[in-house]
Amino acid sequence: MYSWIILLFAIIPIILIVLAVILFRSLKEDASKIYSAGLKEYNADKYAQSVNTFKRALEAKPGFSDAKFMLGCSYYMLEKYQSAIQCYMELLQKGVEDYDTYFNLALALQMEKSYSKAIDMYAKALGYNAQSIDSYCNLGRIKFAQKNYKEALEDLKKANSIIPNRADVLFLQNRCHDELSDPDNLSEYEKIINKYIEISDMDECPDQLPTAFAISLSKAGRIIEADAKCKEALRTDSKSGEPHKIMGLLQLVQRNLN
């Protein structure tokens, strides 16, 4: 009798361990299935749904790094940049350090205009992938926004050395040259205008090109052409208020000329 009781007490912990292992595997499997469903939603541009799905995956498996990363990506696509930043920071705090985490964190910080922090994170990303043209290009964008045009050109030069003649890189370089050009030197503006014409014929031409083109044309005194480019910019760069501002200034110039 006592031997059976002793045997029972010896078997119970083993049974509990086996049940725990089965439960753990079941939860892990469920988390993977939920994660896969979240990826399908994300790839179908259903970002609000993928946020909820990746959260469910994390509830099933709290340390699920891939789910946390994709949750950050989903928040980013919904323009919830602070939530995205929090996801990527939590990954770094848990020791998940790689190119994608640093790059995405830098991108979210850039969108929040936390430029100094973004620059630091792009530098970290480049430590994992020194050939990241997007990192150099975004560093150029940040430094352009900070009006550090010469530094921006250095980063854009590095981007161009990795993949030559990419339209967005050439466009940003030309904008820097425009800002650094001598306002009294019309020949410089002609070179900048000719470069915009060249870029406009390229694939994946930036939406902001007509706006920048209009600015250079107006600086060169080509008011009618600048006005036409502004009207084009209103179609391609509708989110920006810049074309409206330029058109207003051009109208004032035309009135003064008349």
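Nothing fancy with the numbering, it's 1 onward along the sequence.
Scanning for ring pair (Phe, Tyr, Trp, His ring centres under 6.0 Å) contacts around Y122 gives F103, with sequence neighbours left out. K195 pairs by the salt bridge (charged side-chain N to carboxylate O under 4.0 Å, His left out) definition with E198, not counting sequence neighbours. Under the salt bridge (charged side-chain N to carboxylate O under 4.0 Å, His left out) criterion, E225 pairs with R222, sequence neighbours left out. For D155, the side-chain hydrogen bond (donor to acceptor under 3.5 Å, both in side chains) partners two or more places apart in sequence, or in a different chain, are K143. For E59, there are no salt bridge (charged side-chain N to carboxylate O under 4.0 Å, His left out) partners at least two apart in sequence or on another chain. Every residue was checked against the ring pair (Phe, Tyr, Trp, His ring centres under 6.0 Å) condition with Y115, not counting sequence neighbours, and none meets it. Every residue meeting the side chain to side chain contact (heavy atoms under 4.5 Å, CB included) condition with K68, not counting sequence neighbours, appears here in chain and number order: L58, C87, E90, L91. Listed by chain and number, the residues in a ring pair (Phe, Tyr, Trp, His ring centres under 6.0 Å) with Y75 amount to none (sequence neighbours excluded). Not counting sequence neighbours, S116 has no partner by the side-chain hydrogen bond (donor to acceptor under 3.5 Å, both in side chains) test. Contacts of R141 classified as side-chain hydrogen bond (donor to acceptor under 3.5 Å, both in side chains), with partners at least two apart in sequence or in another chain: N138.
Residues D30 and K61 fail the side-chain proximity criterion, which asks for heavy atoms closer than 4.5 Å. Within the 4.5 Å cutoff, no side-chain heavy atoms of N129 are placed close to those of S135.
No side-chain donor-acceptor contact under 3.5 Å links D168 to the backbone of C205. No donor-acceptor distance shorter than 3.5 angstrom exists from the side chain of D227 to the backbone of I223, with no hydrogens or angles considered. The backbone N or O of D182 sits less than 3.5 Å from a side-chain atom of E188, completing a donor-acceptor pair.
Salt bridge annotation for K229-E232: present, with a cationic side-chain nitrogen under 4.0 angstrom from a carboxylate oxygen.
D134 and Y136 share no side-chain donor-acceptor pair at under 3.5 Å.
Within the structure, the ring-ring contact (aromatic ring centres under 6.0 Å, His included) test picks out the following pairs touching residues 207-226 (sequence neighbours left out): Y196-F213.
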Tabulate below the donor-acceptor pairs under 3.5 Å that side-chain atoms of residues 34-41 make, not counting sequence neighbours, or state none.
from	atom 1	to	atom 2	distance (Å)
S36	OG	S32	O	3.1
E41	OE1	S50	N	3.4
E41	OE1	T53	OG1	2.5
E41	OE2	T53	OG1	3.3

